[in-house]
Amino acid sequence: MNPAITLIDVTAGYDSTIVFTHLSLNIHAGQFAGIVGPTGCGKTTLLKTILGVQPVLSGEVLLNTQPVNSVPGKKIGYVPQLESVDWSFPVTVEEVILMGLYTNKCSLPWQSREERERVHELAEKLGIYNCLHQHIAHTSGGQRQRAFLARALINNPQFLVLDEPTSGVDIKTQHEVLHLLGDINSQGMTILLTTHDLNAVASHLPWVICFNNGVVAEGRPGDIFTNEILAKTYGSEIVIIKHGEYYLIANSTPLKLNHNP
Amino acid sequence: MQFLLEPLDYAFFRHGLLAAVMVGALCGLIGVHVVLRGMSYVGHGLSHAAFGGAVIGFVFSFNYYVGAGAMGLLAALLINQMTKNRKIKSDAAIGIVTTAMFALGVVIISQQRTLNRSLDSALFGNILGITGYDLIIIGLVTAATMVAMFFLYRPLLFSTFDNEAAKIFGIKTEAVQLIFALLLTLSIIVSMNIVGVTMIAATLIMPAMTARMMTDSFSTMQLYSIAVGALIGAGGMYLSYAFDIASGATIVLFGALIFCFAVLIRHIREKRMLHANMHRHGNLIHSHPRDNRRDIQNDADEASIKK
């Protein structure tokens with residue numbers, strides 16, 4: 001398989017804090033991979049490094065064998081964490097999707113007919129056509145996630161990067177979003193996401209990267225979700241229950257209450 | 001009608017009215033980004049820095065606009081540079097830079113022991129003293145800002161909404177930020193003679209917030225804010241003439257009144273919507289925060305996603 005995203009001996013960090021050192025990683029074309037790890041382990045820094053907005057201290061990040069910052073019109077679609085979005089901002093779903101087409105060139109504020117058609121076509125495909133003119137805050141969690149996904153997809157990217165797409169939404173929406181991503185991946189799109197939700201990863205993603213200031217292990221969920229690897233990734237014991245093809249990952253030590261109910 | 005036409009017989013009123021309408025529209029446009037970027041304090045700060053520059057300009061016999069403009073731009077660049085350091089937040093940078101520049105102006109005034117008329121205008125506003133030269137400067141800045149913001153609408157909107165994502169999508173966010181800071185500084189400098197340093201923040205914030213109460217769409221908010229800013233400028237001028245009170249303060253008070261009215265209208269509208277959506281489940285009467293019919297339609301849409 002051809003590598004789509006390649007990190008070679010990369011060291012990255014902020015100011016005087018190094019987040020990870022000498023990291024090498026390959027994401028192959030057409031892969032659907034999830035990065036899991038505890039809070040503050042450097043997942044978001046890794047994504048930003050891949051996206052080319054986090055300067056690397058040493059090493060190289062390649063996108064289809066070219067340095068990420070030299071790729072013209074980078075062709076990476078990005079979906080931010082929904083929790084970081086300002087929901088009071090006065091934008092409609094349509095305006096959010098259109099942002100994916102914005103460039104630095106001087107252009108007219110209003111959308112062209114071609115742009116409108118592209119927005120409508122994609123919105124229809126993702127099931128958000130009827131809420132295009134609604135304020136973004138007046139939509140459901142699933143519709144919001146789809147709106148940002150549409151913004152990322154409208155420019156026909158080669159790679160899709162999502163930061164915590166399953167956080168802040170209910171189980172039904174999580175399930176829908178991951179299935180939608182699976183469908184997009186089956187059409188050839190390379191997808192990389194971060195998540196805290198091990199159970200969602202175990203049941204939906206074909207490839208997992210356990211990360212804690214560096215790659216602890218990577219592989220298929222069935223091979224990766226072992227007590228040893230998860231304990232090494234999260235720094236605490238984690239119980240894994242296997243039932244047929246399904247995995248359930250739980251906290252190991254139930255909280256013991258001292259008072260009688 | 002007579003109430004509207006009579007003041008126009010006076011050149012000072014015509015000049016003042018034109019200046020107030022242009023500055024109102026200008027601040028309305030730029031104020032949308034100021035408010036949405038959470039920079040409401042920056043207007044207040046930059047006007048103080050520009051005042052320091054105006055005083056230095058007066059001492060060294062520069063043109064008022066040159067002194068105020070140079071110091072305002074220097075302040076904007078310094079704030080921009082300081083906020084790149086993750087340990088200094090923008091409100092702290094604004095507080096340090098602009099207050100220091102204002103203090104410099106105050107120190108120079110205390111040494112001179114005199115306050116030039118144009119400095120007095122910058123401090124408290126003197127719309128009735130607006131000259132033809134001032135009108136040309138205000139007109140040029142208003143036109144240039146409107147043209148620049150028209151063509152930069154898309155990168156400005158994206159970087160205001162989500163600066164990090166805009167950067168990832170290839171928008172040159174630092175250049176956009178710098179151009180915006182430049183336009184904001186110029187707008188503040190030309191507006192200082194209208195309402196003065198002490199009240200300029202209000203002219204930036206009130207039209208934008210009034211427009212925000214009226215719409216949930218960014219493009220519509222910009223158009224409304226321009227219109228509301230111009231209306232506040234014109235209305236304030238007429239009220240100032242009718243009641244023979246200070247023009248700058250009247251414009252600000254009229255703006256506050258319009259804002260309160262917009263808040264009231266929105267409140268009534270939301271209440272009506274709440275009542276319209278109220279329904280009963282057994283003994284429980286309740287209302288969904290969103291339009292029910294729309295939600296039901298949306299849920300149906302989600303269920304039939306085209307793969």
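Chain letters run A, B, ... following the sequence lines, proteins first and then strands; every chain starts at 1.
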Query raised in the report: Distance from A/L98 atom CG to B/R154 atom CZ, nearest 0.5 Å?
Result: 6.5 Å
Query raised in the report: Considering all heavy atoms of both residues, which atom of A/S88 and which atom of B/R212 are nearest to each other, and what is their separation?
Result: O-NH2, 2.7 Å
Query raised in the report: For atom CD of A/E115, is the number of surrounding heavy atoms from other residues, nucleotides or ligands below 6.0 Å larger than 12?
Result: yes
Query raised in the report: Got more than 12 heavy atoms from elsewhere within 6.0 Å of OH, B/Y224?
Result: no
Query raised in the report: What's the spacing between A/Q134 CD and B/D216 CG if we round to 0.5 Å?
Result: 10.5 Å
Requested in this report: Count the heavy atoms of every other residue, nucleotide or ligand shown that sit under 6.0 Å from NE2 of B/H267, and state whether that count exceeds 12.
Outcome: no
Query - Spatial distance of atom CZ (A/F89) from atom CG (B/D162) [nearest 0.5 Å] - result: 9.5 Å
Query raised in the report: How about B/F150: does its CZ atom have over 12 heavy atoms from other parts shown lying under 6.0 Å from it?
Result: yes
Report summary line: Under 4.5 Å to a heavy atom of chain A? For B/F218 that would be both
**Report entry** Contacting moiety of A/V85, where chain B heavy atoms sit under 4.5 Å
**Finding:** side chain
Query - Any B/L36 side-chain heavy atom under 4.5 Å of A/D86 side chain - result: no
Report task. Below 4.5 Å from any heavy atom of chain B, which atoms of A/P80 appear? Answer side chain, backbone, both or neither. Result -> side chain
Report task. Just say parallel, tilted or perpendicular for the rings of A/F148 and B/F161, cut-offs at 30° and 60°. Result -> parallel
Report task. Examine whether an atom of B/T220 lies under 4.5 Å from a heavy atom of chain A, and if so say whether it belongs to the side chain, the backbone or both; otherwise answer neither. Result -> neither
Query raised in the report: If you check every heavy atom in residues 54-62 of chain A against those of chain B, which residues fall under 4.5 Å?
Result: none
Report task. Hey, could you give me the CE/CD1 distance between A/M99 and B/I171, rounded to the nearest 0.5 Å? Result -> 10.5 Å
**Report entry** Atom pair NE2 (A/H135) and OG1 (B/T215), whose distance is rounded to the nearest 0.5 Å
**Finding:** 9.0 Å
Report task. Verify the neighbour count for atom CD1 of B/I265: are there more than 12 heavy atoms of other residues, nucleotides or ligands below 6.0 Å? Result -> yes
Query raised in the report: Going from CZ on B/F169 to CZ on A/R151, what distance comes out if it is rounded to the nearest 0.5 angstrom?
Result: 5.0 Å
